[in-house]
Structures are given as C-alpha cells and as structure tokens.
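Input: a single structure, listed below in structure tokens.
All values below were derived from every heavy atom in this structure, side-chain atoms included, with hydrogens, water molecules and symmetry-related copies excluded.
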2 protein chains.
Amino acid sequence: MNEKVSSKEKLIITASKLFQQQGYHATGLNQITKESGAPKGSLYYHFPDGKEQLALESIQLTTEFVARQIEEGLKQSDNPVIAIQHFISMIADRFQKEGHQQGVPIAAVALETSLISDELRKGCQEAYRKFQNLFAQKLVSGGFVEERAEQLAVVINSMIEGAFLLSFTYGDSRPLRLVAEEIPHVLRMED
Amino acid sequence: MNEKVSSKEKLIITASKLFQQQGYHATGLNQITKESGAPKGSLYYHFPDGKEQLALESIQLTTEFVARQIEEGLKQSDNPVIAIQHFISMIADRFQKEGHQQGVPIAAVALETSLISDELRKGCQEAYRKFQNLFAQKLVSGGFVEERAEQLAVVINSMIEGAFLLSFTYGDSRPLRLVAEEIPHVLRMED
DNA sequence: ATATATATAGACCAATCGGTATAATTTTTA
DNA sequence: TAAAAATTATACCGATTGGTCTATATATAT
C-alpha cells in the first residue's frame with residue numbers, strides 16, 4: 001500500500017501552486033524542486049519534456065481542482081441564477097479571506113504561454129472549456145435550450161474571469177460581487 | 001527642432017509592445033534594447049530604477065493608447081449600448097485581423113507582477129480605472145445615475161477583459177462577440 | 001572655443017535560467 | 001537472493017538574466 005505522495009505528484013502540486021501565484025516564466029525549476037522536496041534528477045525523469053510538460057500537467061491539475069469547485073458551488077441550488085451567484089460569492093469570499101495571495105487560476109499561464117506553446121495554449125483552452133461546459137449544463141438543466149445555454153456560458157465565463165482579474169489587480173473583491181449581482185439580468189430572469 | 005523619436009521613447013514603445021505580447025518576465029532587457037535600437041547604457045540612464053520603472057512607464061503608455069481607442073469607439077453613438085457594442089466589435093475585428101499575435105493589453109503584466117511589485121500593481125489598477133471611468137462617463141451621459149453607472153462600468157470592464165482573455169486563449173473572437181450581444185441586457189435596455 | 005550637462009557605447013558582473021550527465025540508490029521482479 | 005528496473009542525487013553545462021561600470025561622444029550652454 002504505497003499511500004504516500006509520490007515525487008511526481010509533489011512536483012505537480014507544488015508547480016500548480018507556483019505557476020498560479022507567479023506565472024510561468026517567474027517560476028524556476030529550482031524553486032519547484034526545492035519547495036516540493038523532490039530532487040531535480042527526478043524532475044527530468046518524470047517529465048522528460050521539461051518545464052513545458054510539467055506546466056501542462058500542472059494546468060490539468062488546476063483545471064480539475066477548479067472544476068470541482070464549480071460543481072460544488074453550482075449544486076447549491078436548482079435555479080441556475082442562484083447557483084451561479086452562489087459560486088461567484090464563494091470565489092469572492094475565498095479571495096477576500098486569503099488576502100488574494102493565490103493569483104488567478106490558469107489566466108497567467110494562458111497569457112504568458114499561448115503565443116509560444118500551442119500545447120500549453122490548448123491546455124488552458126481545455127480548462128476554460130471545462131468550466132464553460134459546467135455552466136452550460138446547469139443552464140440546460142434549468143430550462144435553457146442547449147445552443148443558448150452555451151452562448152450564455154461563454155458570457156458568464158468571461159464575466160467571472162474578467163472580474164477575477166480586476167479583483168486581483170485591485171486587491172478588492174468588489175468586481176466579483178458586482179458581477180454576481182448582474183447574473184439575473186444576463187440570464188433574463190428578473191430578481 | 002528635435003522631432004525624431006528619442007531613445008527613451010523608443011525604449012518605452014518597444015517595451016510596451018513586448019510586455020503585452022510576452023509578459024513581464026519573458027521580456028528581457030537585452031531584447032528591449034536590441035529591438036528598440038537603443039543601447040543598454042541609455043536604458044539605465046533614462047530608467048535608473050531598471051526594469052520595474054521601464055515597465056511602469058510602458059504600462060502607462062499602453063493605458064493611454066487603449067483609453068484613446070475606447071474614446072474613439074464610444075463616440076460612435078450617443079446611445080451607450082450601441083456605443084459599447086461598437087467598441088467591443090472594434091476589438092473583435094482587430095483581434096481577428098491581426099491573427100491575435102498582440103496579446104491582451106495590461107492583463108499579463110497585472111497577473112505577473114501584482115504580487116511582487118505594488119508600484120506595478122498600482123499602474124495596472126490605474127489602467128483599469130481609466131477604462132472603467134470612460135464607460136461610466138458614457139453611461140452617465142446616457143441617463144444613468146452616477147453610482148449605478150460606476151457599478152455597471154465595472155461589470156462591462158469585467159466582461160470585456162474576460163472575453164478578451166478567452167478569445168486570446170481560444171484564438172477565436174467569438175467570446176468577444178457574444179459578450180457584445182449581451183450588453184443590452186446588462187444595461188437593461190432590450191434591443 | 002570652452003566648459004558642462006546629457007546621452008551613448010558596450011564590456012563586464014554574479015546569479016539564475018532550463019536542461020543534461022552519470023553514479024548511487026531504492027524498489028520490484030525473478 | 002540476484003538481477004533488473006525505477007528512482008534519486010548532484011555536479012555540471014552554456015546561455016541568459018537584470019544590473020553596474022567607466023570611457024566616450026554629443027549636445028547645450030557661456
């Protein structure tokens with residue numbers, strides 16, 4: 001029963017955190033190995049393609065983590081409006097509590113790497129698609145026609161990502177909270 | 001009459017472009033001096049505080065540039081809804097035409113540096129505030145009460161920034177176009 | 001013309017970057 | 001237990017990073 005965290009897992013977990021906080025280029029492999037406790041020799045054994053491969057798998061871990069948070073938040077209500085508002089409030093609360101030292105998931109890596117690595121660009125694209133699909137599903141189960149649900153999911157995704165970026169830069173959760181308040185009108189269900 | 005572009009200006013112009021395309025950490029001072037034609041000696045003469053100072057002034061140049069684009073777009077109509085929609089369409093068109101090789105203004109630097117440099121964080125904050133104020137002004141002149149206009153401006157700013165990020169990552173202007181279509185409902189003026 | 005700022009030129013610095021090499025070790029299989 | 005496979009440990013690599021230094025021009029004054 002090998003239940004302890006493997007070196008590979010430790011590397012991915014640490015890298016995910018650092019890439020989110022510092023971005024791709026500011027995060028060195030030496031820092032990742034040092035903070036994870038795994039040696040550099042292990043890094044290139046488990047990730048023979050180097051930093052890019054490690055970043056890709058880190059993005060995928062972050063994607064799963066965020067997706068689970070979205071699912072958790074959305075199951076709070078059958079009403080898509082209330083559910084999505086609840087999820088955004090969740091983000092805003094956590095953002096406020098943790099002193100916004102965590103960065104914005106995916107976004108930094110997406111902006112830094114999309115033009116230099118198609119692999120990483122696709123990884124980030126896949127992340128956003130997953131988030132989008134979760135919102136779309138919720139809207140469909142709330143009565144929206146599928147095509148319309150997908151369109152609205154893109155808009156909701158944009159609002160959240162943009163508000164997250166603004167809240168991060170301002171150091172203030174207000175943009176996230178204001179966006180949450182407008183969800184009913186985007187979904188055309190007056191409150 | 002010294003009308004030729006000074007070394008300082010060349011450095012800022014080149015740095016603005018590179019920071020937007022590649023982000024802060026991926027852009028080296030050697031690359032900036034090389035592409036601008038200005039020598040490294042000049043860099044530390046004009047920017048004694050180094051990369052951070054150059055980045056701050058670059059952000060400010062980008063801010064002015066984008067602000068002018070917003071003003072240009074918004075003056076297209078007295079109706080805030082149509083004006084804002086027109087501006088977003090402008091972005092989407094340019095994005096599509098230029099093969100999205102330009103990056104997202106401000107955002108990358110904001111995400112990369114906000115946690116490590118309060119100066120740069122404030123510079124990016126100032127950028128977003130300027131954009132926000134232009135939208136808010138337009139809404140006020142369109143009949144919105146000031147406080148409400150400011151709230152909606154934050155939301156519109158979020159939608160645009162988020163959609164820009166998604167369009168960039170997808171390599172597709174669709175998120176921007178979908179967000180434009182939802183502007184009437186956010187401003188509660190049915191089309 | 002001469003003195004004085006202003007600006008340029010580019011060699012140089014320690015530190016760090018991503019990445020490689022190989023030997024030693026641990027774990028698994030036979 | 002012996003052989004084989006998986007993993008770890010470092011020392012090391014050239015290249016590049018942001019930043020410094022001093023000598024040399026180029027203007028702008030007096």
- Task: Round to the nearest Å and state the distance from E52(B) atom CD to dT17(D) atom P.
- Result: 19 Å
- Note on the structure: Note: L111(A) and V104(B) closest approach over all heavy atoms is CD2-CG2, 3.5 Å
- Task: Please check the phosphate of dG18(D) (OP1 and OP2 only) for any side-chain N or O of N30(B) closer than 4.0 Å.
- Result: no
- N or O in side chain of H46(A) less than 4.0 angstrom from dT8(D) OP1/OP2: yes
- Message: I want to check a possible cation-pi pair here: K8(B) against F47(B), using under 6.0 Å from ring centre and within 45° of the ring axis as the test.
- Response: yes
- Which part of the nucleic acid does T33(B) contact within heavy-atom distance under 4.0 Å: base, sugar-phosphate only, or nothing? nothing
- Nearest-neighbour nucleotide for the S42(B) side chain, dT8(C), dT10(D), dG10(C) considered: dT8(C)
- Message: Measuring from the side chain of Y44(B) (C-beta onward, heavy atoms only), which nucleotide among dT20(D), dA6(D), dA9(D) has the closest atom?
- Response: dT20(D)
- Once you round it to whole Å, what is the distance between P of dG19(C) and NE2 of H25(A)? 11 Å
- Message: Using whole Å, what does the distance between atom P of nucleotide dT16(C) and atom NZ of K34(A) come to?
- Response: 9 Å
- Base, sugar-phosphate, or nothing: which does G41(B) touch, judged by heavy atoms less than 4.0 Å apart? base
- Query: How many Å lie between CD on Q53(A) and P on dT20(C), as a whole number?
  - Reply: 12 Å
- Message: I'd like to know if R188(B) and E182(A) make a salt bridge, using a cut-off of under 4.0 Å between side-chain N and carboxylate O.
- Response: yes
- Item | Candidates dG18(D), dT8(D), dT20(C) - which lies nearest the side chain of L29(B) | dG18(D)
- Task: Compare every heavy atom of S16(B) with every heavy atom of S58(B), then report the nearest pair and how far apart it is.
- Result: O-OG, 3.2 Å
- Round to a whole Å and report the spacing from NZ of K8(B) to P of dA7(C). 9 Å
- Message: Rounded to whole Å, please give me the gap between CG in L43(A) and P in dC17(C).
- Response: 13 Å
- Message: Let's test your reading of the model: under 3.5 Å, does the base of dG19(D) pair with the side chain of K51(B) as donor and acceptor?
- Response: no
- Item | Ring-face cation contact, Y170(A) with R129(B), 6.0 Å cut, 45° max | yes
- Between dG19(D) atom P and K40(B) atom NZ, what is the distance in whole Å? 9 Å
- Value in whole Å for how far the P atom of dT26(D) lies from OH of Y45(B): 16 Å
